[in-house]
Amino acid sequence: MQMIDAHPHRQRGTRGRRALLAVLAVTLTAWLGASYAQEERPAGSTGGTLVIGQLQEPASMVLAESSTPVSAQYYTAMLINEPLVKVDHDFNQVPGLLAEVPTVENGGVSEDYRVYTLRLREGVTWEDGTPVTADDIAFTWQWLIDPANVAYATHGWEKVESVEVVDPQTAVVTLTEGFAFWLDEAVINMGIAPKHALEGVSKDQFNQRPIGNGPFKLVEWRVGDVLMFERNDNYYRGPAYLDRVVVRIIPDTNALAAAVMAGDVHMAIGLLTSNVPQLQSTAGVEVVTTTWPQLERIFFSQTVPGDTSTPHPILTDPAVRKALILSVNMDEILQTLYHGINPRGVNELQGTAWFNEELEPYPYDPDEARRALEEAGWVDTDGDGIREKDGVRLHLTHSTTAGNRPRESMQAIMQQAWADVGIEVEIQNYPAPSFFGGWEGVAWGRRYEMAQFSNGVFAINPNLSDWWHSDAIPVPEKPFGNGHSGWSNPRVDELLDEHRRGVTPERAAEILDEVQRIIYDDYAMFPLFQAATIFAIRQEVQNVNPTQFGAQAGLFWDAYNWSLGR
């Protein structure tokens with residue numbers, strides 16, 4: 001079966017397209033302010049149980065705290081949570097729980113980007129019949145910023161100064177200062193939490209029987225095995241076609257591919273490029289890819305594992321970061337392990353109109369890696385093949401999610417490449433729930449030295465603040481943000497502060513070009529490749545139309561219309 005690109009007209013960034021983007025932004029603004037007129041529903045069969053196989057198990061069903069669209073706690077939670085605003089297959093922002101998309105033009109956003117007015121739809125209820133109100137919006141803010149709840153991410157709500165409940169349908173959100181990307185962080189593809197069900201109980205208690213407002217409701221969760229959902233008859237758009245959705249946790253990519261090929265599951269999420277050839281040769285299975293800019297990378301922790309106050313004695317040295325990058329032949333790895341499907345990576349904006357085209361993938365140059373280490377004082381003084389400096393052995397750990405075969409194979413290749421230039425690396429992998437488990441996990445809690453996973457700027461607008469501004473670095477007092485490594489730069493902070501206050505498209509291009517250059521020249525991360533999101537869907541499944549926006553979460557944007565053919 002031929003591979004299908006869910007968004008084949010993807011455009012690469014050019015300077016000319018930046019001007020086009022500015023024109024389009026003006027053209028679309030008026031449309032985005034209008035209330036969403038529901039398009040005619042596609043025909044579908046009513047009834048049946050759809051079975052999804054996915055590699056990762058969610059850690060929470062509270063969509064408002066979910067970290068990134070590539071994590072199971074985000075996309076699985078979309079089955080029971082309706083976002084405030086959604087992004088459809090054509091990149092249109094359309095209201096979900098909100099009656100309209102807030103804009104400056106319709107009065108929903110103040111001129112200084114500090115005040116946002118959120119107007120809920122009339123008649124929307126939680127699955128238990130309780131009305132969804134502006135009190136839930138205010139509660140979501142309070143719940144997310146309360147350290148006792150250990151939210152995985154706060155998505156811009158930490159920037160809020162106050163939430164005024166004007167009436168049951170209207171909440172006025174005032175930020176501490178203007179922030180032009182607040183809708184991208186807090187509203188678009190994000191949900192809210194039910195005050196009546198979550199207030200006064202722990203997150204663990206709530207997740208045993210969560211209350212949502214999406215097309216389905218969770219009725220059973222057998223940890224490590226299966227999640228079972230039933231149709232939510234109180235969903236505001238009406239009943240979903242399907243009676244039930246069953247999510248099976250299959251933590252091995254080859255077993256996941258085998259399950260969809262055998263018909264044991266209808267859809268598979270978490271597949272790898274190595275699975276594609278066999279899937280394409282299987283009758284009755286379609287392979288669908290989406291290509292929203294999603295970067296597989298290695299983060300270099302700037303602090304020692306588990307102690308965010310102590311600088312890392314090795315990885316704070318840019319010469320070491322440079323050597324780790326230049327000593328690996330990524331072109332060979334991508335050809336061997338990824339079948340040439342994934343292009344080399346540079347940064348989060350690669351493939352968008354905001355990418356700095358002067359930047360190219362780092363070269364493979366092990367001789368330069370050795371020279372950089374020698375020049376920085378890292379030498380092998382005892383002849384055992386591993387370098388030292390000031391009594392510190394050049395030993396590091398490399399961590400990722402367990403069970404991901406190509407990543408594990410890549411780790412072995414990298415381990416040897418690093419050893420060849422005098423860097424000793426130990427592999428330490430973790431199950432996905434532990435790896436992505438918020439502040440208590442490996443990635444956000446910075447309990448690693450080198451951590452490998454994929455993510456990206458999942459927003460319509462190119463905001464890099466949540467990745468590279470110093471206030472995005474997770475710390476115990478503020479355990480959120482995507483500055484996983486703890487890297488920071490004063491000039492980057494200065495530029496991103498200006499950018500998020502709201503600037504012209506021309507100035508935004510200048511700012512983003514300089515930020516990208518600083519990150520690149522400091523070897524702040526190891527960009528590996530642009531990750532393709534791969535789904536396998538059996539032909540009997542109808543009305544599954546993944547959007548390129550949001551990686552894995554792009555599959556779930558319209559689960560309401562999924563159905564099974566007879």
Side-chain angles (χ1 to χ4, degrees), residues 10-22 25 68 179-181 184-185 291-300 302 315-316 318-319 321-322 324-326 328 330 342-365 452-473 481-531 551:
R10 178 185 181 188
Q11 295 180 333
R12 298 287 175 181
T14 66
R15 296 295 182 194
R17 285 202 181 93
R18 286 183 176 168
L20 175 61
L21 240 128
T68 169
F179 181 52
F181 306 108
D184 284 281
E185 288 198 9
T291 50
W292 183 261
Q294 180 184 342
L295 186 67
E296 177 89 3
R297 71 181 100 190
I298 294 175
F299 289 90
F300 299 129
Q302 298 301 285
L315 290 171
T316 50
R321 301 195 298 266
K322 178 180 180 179
L324 287 163
I325 294 170
L326 300 190
V328 175
M330 279 306 304
N342 301 81
R344 288 285 306 276
V346 178
N347 63 35
E348 300 91 344
L349 298 184
Q350 189 175 0
T352 77
W354 304 96
F355 177 58
N356 183 339
E357 295 167 349
E358 296 178 356
L359 306 181
E360 297 181 352
Y362 291 112
Y364 170 54
D365 192 343
Q452 178 178 338
F453 55 101
S454 64
N455 51 24
V457 181
F458 297 102
I460 297 296
N461 293 300
N463 174 31
L464 288 180
S465 293
D466 196 39
W467 300 93
W468 294 108
H469 195 287
S470 61
D471 65 14
I473 298 171
N482 291 311
H484 308 282
S485 70
W487 181 91
S488 65
N489 178 283
R491 176 59 178 163
V492 168
D493 280 359
E494 178 185 348
L495 290 165
L496 293 179
D497 281 337
E498 179 186 355
H499 186 221
R500 60 190 181 184
R501 286 193 294 267
V503 295
T504 65
E506 293 76 17
R507 179 56 184 151
E510 294 171 355
I511 288 171
L512 294 172
D513 274 358
E514 186 176 348
V515 168
Q516 292 172 75
R517 168 59 72 179
I518 292 170
I519 294 167
Y520 183 91
D521 288 347
D522 201 44
Y523 304 94
M525 63 172 170
F526 188 171
L528 302 174
F529 57 85
Q530 288 184 278

Spacing of Met330 atom CE and Phe526 atom CZ [to the nearest 0.5 Å]: 6.0 Å
Heavy-atom closest pair (Asp493 atom, Trp468 atom, distance to 0.1 Å) is OD1-O, 4.2 Å
Ignoring hydrogens, what is the shortest heavy-atom contact between Leu496 and Ser465? Give both atom names and the distance. CB-OG, 3.6 Å
Arg321 side-chain N/O to Met525 backbone N/O, donor-acceptor pair under 3.5 Å: no
Between the main-chain N or O of Trp354 and the side-chain N or O of Gln516, is there a donor-acceptor pair closer than 3.5 Å? yes
Salt bridge (Lys or Arg N to Asp or Glu O under 4.0 Å) between Arg491 and Glu494: does it pass, once the steps are laid out? CA-CA 5 Å; Arg491 176 59 178 163; Glu494 178 185 348; 3.0 Å; yes
Across all chains, not counting sequence neighbours, the salt bridge (Lys or Arg N to Asp or Glu O under 4.0 Å) partners of Asp497 are Arg500
Quick one, Phe299 with Phe453, criterion side chain to side chain contact (heavy atoms under 4.5 Å, CB included). Give me CA distance, side-chain angles, the key distance, then yes/no. CA-CA 8 Å; Phe299 289 90; Phe453 55 101; 3.4 Å; yes
Under 3.5 Å, is there a donor-acceptor pair between the side chain of Asn482 and the main chain of Trp467? no
Proximity of Tyr362 and Tyr523 rings by center, below 6.0 Å: yes
Sorted by chain and number, sequence neighbours left out, side-chain contact (heavy atoms from CB on, under 4.5 Å) with Ala180 holds for Tyr113
Shortest non-hydrogen pair, Ile473 vs Gly486, comes out as CD1-O, 3.4 Å
Write down the atom of Ala508, the atom of Val503, and the distance for their closest heavy-atom approach. N-CG2, 3.7 Å
Asn342 vs Gln530 side-chain heavy atoms within contact, under 4.5 Å: no
Is Gln350 reaching over with its side chain to a backbone N or O of Leu295, donor-acceptor style, under 3.5 angstrom? no
Give me the atom names and distance for the closest heavy-atom approach of Ile511 to Leu495. CG2-O, 3.6 Å
Rounded distance [0.5 Å steps], CG in Asp513 versus CD1 in Ile518: 11.0 Å
Salt-bridge criterion met for Glu510 and Arg507 (N-O under 4.0 Å): yes
Between Asn455 and Arg297, is there a side-chain donor-acceptor contact under 3.5 Å, judged purely by atom types and distance? yes
The salt bridge (Lys or Arg N to Asp or Glu O under 4.0 Å) partners of Arg501 (sequence neighbours excluded) come to none
What I'd like to find out is whether the side chain of Leu315 reaches to under 4.5 Å of the side chain of Leu324, using heavy atoms alone. yes
Let me see the working for Asn347 and Ile519 under side chain to side chain contact (heavy atoms under 4.5 Å, CB included), right down to the final yes or no. CA-CA 9 Å; Asn347 63 35; Ile519 294 167; over 6 Å; no
Which is it for Leu512 and Asn356 under the side chain to side chain contact (heavy atoms under 4.5 Å, CB included) test, yes or no, and what are the steps along the way? CA-CA 8 Å; Leu512 294 172; Asn356 183 339; over 6 Å; no
Begin with the C-alpha distance, continue with both residues' side-chain angles, and end with the deciding distance and a verdict on side chain to side chain contact (heavy atoms under 4.5 Å, CB included) for Leu464 and Val492. CA-CA 10 Å; Leu464 288 180; Val492 168; over 6 Å; no
Please confirm whether the backbone N or O of Ala524 pairs with a side-chain atom of Asp522, one donor and one acceptor, at under 3.5 Å? no
Without swapping roles, check the side chain of Gln302 against the backbone of Phe300 for a donor-acceptor pair under 3.5 Å. yes
